[in-house]
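Comments concern the structure below.
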Amino acid sequence: MKPKEEEAILIIYTGGTIGMVRDPVTRALHPFDFSHVQDQVPELRSFGCRIDTITFSPLIDSSDIKPEFWVRMVRIIEEHYEQYDGFIVLHGTDTMAYTASALSFMLENLQKPVILTGSQLPIGTLRTDGKENLITAIEIAAAQKDGQPLVPEVALYFENRLYRGNRTTKTSSEHFNAFSSPNYPPLAEIGINIKYNYGAIRYPTSVKPLRIHQNLETNIAILKLYPGMSENIVRAVMENKQTQAVILETYGSGNATTESWFLQSIEDAVKHGKVVVNITQCLAGKVDMTKYENGQKLLEAGVMNGYDLTTEAGLTKLMFLLGMRTGKQEIRSYLNKSLRGEISM
Ligand code: ASP
């Protein structure tokens with residue numbers, strides 16, 4: 001086991017509530033520099049492992065996130081991969097589940113922890129959750145056994161739970177417990193001790209060099225079905241020439257209306273080369289298009305099964321797969337596979 005002093009963690013500070021301060025005039029929160037975070041968490045200076053920081057400029061509220069920022073993150077990780085034992089991405093909560101999902105696909109053969117965290121209350125406030133989140137995330141990123149990291153995946157740490165990043169979704173805008181992983185158990189639960197769920201953590205089966213993917217296709221639509229959705233809305237999405245893929249957010253186990261115009265517009269879109277993926281609107285459970293006649297009609301129209309993907313993971317998986325510019329057949333076969341533990345087969 002490596003001596004503690006040798007361990008090094010890199011914090012990539014992107015912004016988010018954790019480091020925000022209130023504007024004295026508008027009273028709105030806006031991101032502030034990392035020295036502010038350091039002042040509030042003096043423990044960072046005496047952690048028992050080296051902690052370095054790279055700060056995004058400008059810092060962002062995560063509702064401003066876009067793929068260019070994800071590319072910046074994976075480039076930083078690639079560039080510093082050998083010098084650090086683990087990486088922390090300090091990020092706003094609003095889109096943290098999207099970023100965690102995206103990074104999991106963009107970092108192929110990852111063998112080191114990349115832990116995203118943030119907070120619901122700024123770190124300078126009395127009841128902040130930011131301090132505990134940050135300190136525990138660092139502890140997890142630095143945790144090793146026999147010189148090997150305990151969590152060599154993209155994970156999200158929040159309020160006493162460590163989750164696989166691409167299984168998460170933000171489910172509360174007010175509770176400290178802001179994230180859920182409805183279809184996959186926590187990778188670790190934190191009380192007095194950190195209890196790792198070794199059976200749930202993905203360990204690499206072979207040692208391959210890290211490979212980053214930087215091309216992401218963004219012409220993807222998410223169509224959430226609702227009773228009364230009109231034909232012109234559906235057609236506007238399905239017939240758009242730029243659209244490469246559509247996530248259909250369906251009801252229950254993957255059901256939708258069987259109105260002929262609806263099924264026809266999907267069939268036409270598939271014929272024109274669009275990838276249409278079925279993801280359920282339900283927070284938990286998976287799509288099974290064979291269960292009901294309404295689901296079967298989607299299958300017949302050429303819709304792909306999204307299994308138990310979150311919308312965040314489904315969207316970023318499609319961005320990644322379409323960004324690879326491989327053939328549609330290959331994309332279809334990757335959609336039926338778990339690439340980073342994002343679906344249960
Ligand atoms: N709007 C903030 C952000 O996502 C919210 C947060 O960090 O909790 O950057």
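As the structure lists them, so they are numbered: ligands from 1, and atoms in each ligand from 1. These numbers come from a predicted model, not from an experiment.
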Would you kindly confirm whether Val287 and Leu248 end up in one hydrophobic cluster when ILVMFWY residues are joined by side chain heavy atoms under 4.5 Å apart?
yes

Cluster link Val276 to Trp261, ILVMFWY, side chain under 4.5 Å
yes

Is a donor from one side chain sitting under 3.5 angstrom from an acceptor on the other, for Tyr157 and Glu132?
yes

Who's the nearest protein heavy-atom neighbour of atom 8 (O) of ligand 1, and how far?
Thr93 OG1, 2.4 Å

Give the atoms of ligand 1, by number and element, whose distance to some non-hydrogen atom of Gly16 is under 4.0 Å.
7 (O), 9 (O)

Indicate yes or no: does an N/O atom of Asp94 lie under 3.5 Å from an N/O atom of ligand 1?
yes

Residues 12-22, side-chain donor-acceptor partners within the protein, below 3.5 Å, at least two apart:
unit_1: Tyr13; atom_1: OH; unit_2: Phe32; atom_2: O; d: 2.5
unit_1: Thr14; atom_1: OG1; unit_2: Leu90; atom_2: O; d: 2.6
unit_1: Arg22; atom_1: NH1; unit_2: Arg27; atom_2: O; d: 2.7

In the hydrophobic clustering (ILVMFWY, side-chain contacts below 4.5 Å, transitive), which residues join Leu121, or is it alone?
Phe176

Does ligand 1 have any atom that is closer than 4.0 Å to a heavy atom of Ser119?
yes

Are Tyr307 and Asn336 linked by a side-chain donor-acceptor pair shorter than 3.5 Å?
yes

Please state which protein non-hydrogen atom is closest to atom 9 (O) of ligand 1 and give its distance, to 0.1 Å?
Ser62 N, 2.7 Å

Using a plain distance cutoff, I'd like to know if His91 has any nitrogen or oxygen under 3.5 Å from a nitrogen or oxygen of ligand 1.
no

Could you tell me whether Thr17 and ligand 1 have an N or O pair separated by under 3.5 Å?
yes

